[in-house]
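Basis for what follows: all heavy atoms, side chains included, without hydrogens, waters or symmetry-related copies.
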Number of protein chains: 2
Amino acid sequence: MRVSNLSDHTGYWLRMVSNAVSQDFARKVATEGVTVAEWCFLRALFDTEGTAPTLLADQMGMTRGAISKLADRMMAKGLVARIESSGRGQILALTPTGRAKVPTLAAMADENDAAYFDALSGDDRAALDRILQTLVENRGLTAPPLD
Amino acid sequence: MRVSNLSDHTGYWLRMVSNAVSQDFARKVATEGVTVAEWCFLRALFDTEGTAPTLLADQMGMTRGAISKLADRMMAKGLVARIESSGRGQILALTPTGRAKVPTLAAMADENDAAYFDALSGDDRAALDRILQTLVENRGLTAPPLD
DNA sequence: CGAGTTTAGTTTCCTAGTCAACATAACCAG
DNA sequence: CTGGTTATGTTGACTAGGAAACTAAACTCG
């Protein structure tokens with residue numbers, strides 16, 4: 001019986017590269033004591049005064065439960081504060097410490113991306129970006145890149 | 001303070017597409033009662049008489065512990081058998097049931113890949129494959145696409 | 001107003017990995 | 001052969017997330 005091989009699929013190579021990029025980035029930010037999810041969380045909060053957990057869950061493509069726990073962990077690290085707002089609702093906001101970390105982490109993200117993609121020719125880089133955009137639009141993807 | 005945005009990075013979009021592809025595939029194979037890791041496991045075993053767990057761990061980019069547990073689950077599903085070989089070593093092999101599932105799952109993999117990438121123009125498809133290969137070679141990636 | 005419904009956040013249970021400690025078998029030197 | 005080292009597979013503790021039940025607040029409308 002003839003069956004296709006894993007490596008026959010574009011998705012296989014896509015995943016291979018994507019995982020390598022992410023894992024490398026995870027290693028880098030770990031030196032700052034932060035996970036990739038935490039980085040996304042910090043970055044999302046960076047240009048707001050504060051955000052409701054549910055909204056953050058939508059933006060990050062995670063469940064409210066996950067955000068709840070993530071917020072706990074980040075509060076424990078002193079990066080984020082929960083601000084009781086009107087009644088039940090709450091607002092998550094960066095602490096000064098958390099805010100101060102963002103530029104460092106953003107630089108790591110830039111560096112990580114460059115390490116992989118600056119090696120491509122200008123044409124290839126542009127083609128890759130364009131093709132990925134096409135795929136995102138074709139499939140109407142809006143969910144962010146966390147598992 | 002000016003910091004880059006998540007979506008400024010090629011890696012962000014790569015991950016977005018890669019995750020969408022994988023999650024769609026996960027949904028598909030779930031209808032056959034199988035996870036993506038299990039599919040990789042089955043496929044790896046398909047064209048051998050049997051494989052040692054440690055070798056499989058290398059091939060799949062997982063730890064021996066993970067393979068041990070994965071093998072337990074798949075034995076419970078009747079897809080895989082542990083064959084005691086000489087002394088300590090063991091050999092994992094497909095059962096007839098496991099073997100029978102592979103073509104179906106492979107067809108799903110083909111279909112999933114097509115759903116995403118057949119929509120691209122021939123040129124773009126070729127360019128994507130080529131660029132991904134370039135990245136794999138640049139970085140010397142060998143680890144398989146599981147997290 | 002007050003009862004039912006919607007929404008927000010938390011919690012519990014589950015899954016699927018890693019990592020590191022472990023037991024034991026295999027290998028190799030003397 | 002025997003003692004130390006290496007390799008194999010398993011296990012237990014831990015992590016990060018999802019799903020769904022749960023709690024409580026906030027709306028709605030009769």
| If each of B/Ser68 and A/Gly65 is mapped to the nucleotide of DNA chain D with the nearest heavy atom, which maps nearer the 5' terminus, i.e. the 5' end? | B/Ser68
| request: Would you kindly check whether a donor in the side chain of A/Lys69 faces an acceptor in the base of D/dT15, or vice versa, at under 3.5 angstrom? | output: no
| query | Within the pair B/Thr35 and C/dA16, is there a side-chain N or O less than 4.0 Å away from OP1 or OP2? | reply | no
| said: So, taking the atom named CE in B/Met16 and the one named OG in B/Ser7, what distance separates them when rounded to the nearest 0.5 Å? | reply: 9.0 Å
| message | When you measure from the side-chain N and O atoms of B/Arg73 to the phosphate of C/dG17, is any distance below 4.0 Å, counting only OP1 and OP2? | response | yes
| query | For B/Ile83 and B/Leu92, what are the C-alpha separation, side-chain angles and deciding distance, and is it a side chain to side chain contact (heavy atoms under 4.5 Å, CB included)? | reply | CA-CA 6 Å; B/Ile83 300 167; B/Leu92 295 167; over 6 Å; no
| request: Measure from CZ on A/Arg64 to P on D/dA25 and round the result to the nearest Å. | output: 16 Å
| said: Quick check on C/dT10: is either OP1 or OP2 less than 4.0 Å from any side-chain nitrogen or oxygen of A/Arg82? | reply: yes
| task | Report yes or no: does B/Arg99 contribute a side-chain atom to a donor-acceptor pair with the main-chain N or O of B/Phe46 at less than 3.5 Å? | result | yes
| said: Would you say B/Thr54 places a side-chain N or O within less than 4.0 Å of OP1 or OP2 belonging to D/dA7? | reply: no
| Within the structure, does a side-chain N or O atom of B/Thr63 lie under 4.0 Å from either OP1 or OP2 of C/dT18? | yes
| Quick one: do A/Leu141 and A/Leu14 end up in the same hydrophobic cluster if we chain Ile, Leu, Val, Met, Phe, Trp and Tyr together by side-chain heavy atoms under 4.5 Å apart? | yes
| message | I need the CE-P distance between B/Met74 and C/dA16, as an integer number of Å. | response | 12 Å
| query | Given atom CG of B/Asp72 and atom C1' of D/dT11, what is their separation to the nearest angstrom? | reply | 10 Å
| query | For B/Phe41 and C/dA16, what is the distance between atoms CZ and C1' respectively, to the nearest whole Å? | reply | 14 Å
